[in-house]
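Atoms within a ligand are numbered from 1 in the order they appear, just like the ligands themselves. The shown structure was predicted, so the numbers you read here are calculated from the model rather than taken from an experiment. Residue indices begin at 1 and follow the sequence shown.
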Amino acid sequence: MIKHLLSGADLDAETATLILDTAAEMATLAGREVKKLPTLRGRTVVNLFYEDSTRTRISFEAAAKRLSADVINFSAKGSSVSKGESLKDTALTLQAMGADAVVIRHPASGAPHRLANWIDGSVVNAGDGTHEHPTQALLDAYTMRSRLGRLAGLHVAVVGDVLHSRVARSNVLLLSTLGAKVTLVGPPTLIPVDIATALAPGVQVSYDLDAVLPTADVVMMLRVQRERMADSYFPSAREYARRYGLDAPRMRRLAEHAIVMHPGPMNRGMEIAAEVADSPRSTIVEQVANGVSVRMAVLYLLLGGRGAGAAQ
Ligand code: ASP
Ligand code: CP
């Protein structure tokens, strides 16, 4: 098993499948009266968040607690980071407190990789800048597999602000490893020219959403990340929604079995219409629930668990 989870590229097909299978075992806990396992008793998991988060932060906390780990939640706001303390000194402080795993979200791409050089414990990337968000890709793959029964051979359209999306990058890497076919769709200004070839062989690019929808098994809508946009990448929100937003008429172009995903948070009315987000095709709420099981599996396996029988 790998020590750190920094990138979708850290996972070969065997390791990724082990994580998904272990997550499926963890999910059986959700139906039990007592949702807790003793597996990580005495181990310490630190959640180190330098950037805002709702789903990822809460689900890592829930995951660690369900495995009986001690959890320390650190958010940069309100910490000595505001006094100028560096990431390295913060890391060494956490190390001195005996962190067995550090889950880090940071606005700088590459921060989790730096952290992994400074501490002895495992590091999990919970989103670094515009770079990667590997546990999101794992929970997305888990959701596709549980809704559609397989990953190999699926056609996944990843739509929207690819340029700023760590979710897109990690998904392309993981889905390609697991045999799915990915098409990146969006305006040319939001799809970096070399992204398809740089990330994985066989990734397609299209600027025409309507042309891609009929052959997609999965449509993954990405949030337009205005907080990362210094320039103007499209004429107006209305124009963006008209060309690349998933609304009800567009959803009707999808195959009957196709699902609609979004990592959240959503800009309702922009990349996704409310009636699509709330439709039975949407897996958005399921993705959040699956995130807890997947993060339990990741923490369990990184900290030395062995897979089969994880939830006994
Ligand atoms: N929540 C995801 C992330 O942190 C996606 C997004 O913010 O749009 O990358
Ligand atoms: N999907 C996701 O990472 O959500 P948060 O930014 O709320 O953690």
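- Of all the atoms in ligand 2, the ones that sit under 4.0 Å from a non-hydrogen atom of Thr54 are 5 (P), 7 (O), 8 (O).
- Looking from atom 4 (O) of ligand 1 to the surrounding protein, the closest heavy atom is Arg166 NH2, 2.7 Å.
- Within the 4.0 Å heavy-atom cutoff, Gln136 does not count among the residues contacting ligand 1.
- Shortest contact from atom 7 (O) of ligand 1 to any protein heavy atom: Arg223 NH2, 2.9 Å.
- A side-chain hydrogen bond (donor to acceptor under 3.5 Å, both in side chains) with Arg145 is found for one member of Asn290, Asp21, Thr17 and no other, namely Asp21.
- With respect to atom 2 (C) of ligand 1, the closest heavy atom belonging to the protein is Gly264 O, 3.7 Å.
- Atoms of ligand 2 found under 4.0 Å from any heavy atom of Gly264, numbered from 1 in the order shown, are 1 (N), 2 (C), 4 (O).
- Looking at Arg223 and Gln225, their side chains come closer than 4.5 Å, going by heavy atoms from C-beta outward.
- Closest non-hydrogen pair, Ser59 versus Arg295, comes out as OG-NH1, 2.7 Å.
- Note on ring orientation: taking the six-membered ring where Trp is involved, the planes of His131 and His113 are tilted (angle from 30° to 60°).
- Residue Pro265 places no N or O, backbone or side chain, under 3.5 Å from any N or O of ligand 2.
- Minimum interatomic distance between Ser282 and Val276 (heavy atoms only, all atoms of both residues): CB-O, 3.5 Å.
- Ion pair Arg268/Asp278 flagged as a salt bridge, since at least one NZ, NE, NH1 or NH2 atom sits closer than 4.0 Å to an Asp/Glu carboxylate oxygen.
- Close approach of ligand 2 to Gln136 (heavy-atom distance below 4.0 Å) involves ligand atoms 1 (N), 2 (C), 3 (O).
- For the side-chain hydrogen bond (donor to acceptor under 3.5 Å, both in side chains) with Asp217, the lone residue among His257, Arg147, His155, Arg150 that qualifies is His257.
- In terms of N/O distances under 3.5 Å, ligand 1 is not approached by His133.
- Ligand 2 places these atoms under 4.0 Å from at least one heavy atom of Thr56: 2 (C), 3 (O), 4 (O), 5 (P), 8 (O).
- Here the heavy atom of the protein found nearest to atom 1 (N) of ligand 2 is Pro263 O, 2.9 Å.
- Residue Pro265 places a heavy atom under 4.0 Å from ligand 1.
- At a cut-off of 3.5 Å, with distance as the only test, a side-chain donor of Glu271 or His262 sits close to an acceptor on the other residue.
- Leu87 CG to Tyr50 OH: the interatomic distance, rounded to the nearest 0.5 Å, is 4.5 Å.
- Annotation for ligand 1: atoms under 4.0 Å from non-hydrogen atoms of Arg105 are 4 (O).
- When non-hydrogen atoms are compared, ligand 1 lies under 4.0 Å from neither the backbone nor the side chain of Arg55.
- Across all their heavy atoms, Ala91 and Leu115 have their closest contact at CB-CD1, 3.2 Å.
- For a threshold of 3.5 Å applied to N or O pairs, the pair formed by Asp52 and ligand 2 contains no separation below that value.
- Ligand 2 has His133 within reach: a non-hydrogen atom of the residue lies less than 4.0 Å from it.
- Nearest heavy atom pair, residue Val260 against residue Met251, reads CG2-SD, 4.5 Å.
- Inclusion of Val167 in the set of residues having an N or O under 3.5 Å from an N or O of ligand 1 is not warranted.
- Each of Thr177, Leu178, Leu174 was scored for a side chain to side chain contact (heavy atoms under 4.5 Å, CB included) with Leu11, with one residue passing: Leu174.
- Given atom 4 (O) of ligand 2, the protein heavy atom at minimum distance is Arg55 NE, 3.0 Å.
- The ligand atoms of ligand 2 that sit less than 4.0 angstrom from a heavy atom of Arg105 are 3 (O), 5 (P), 6 (O), 8 (O).
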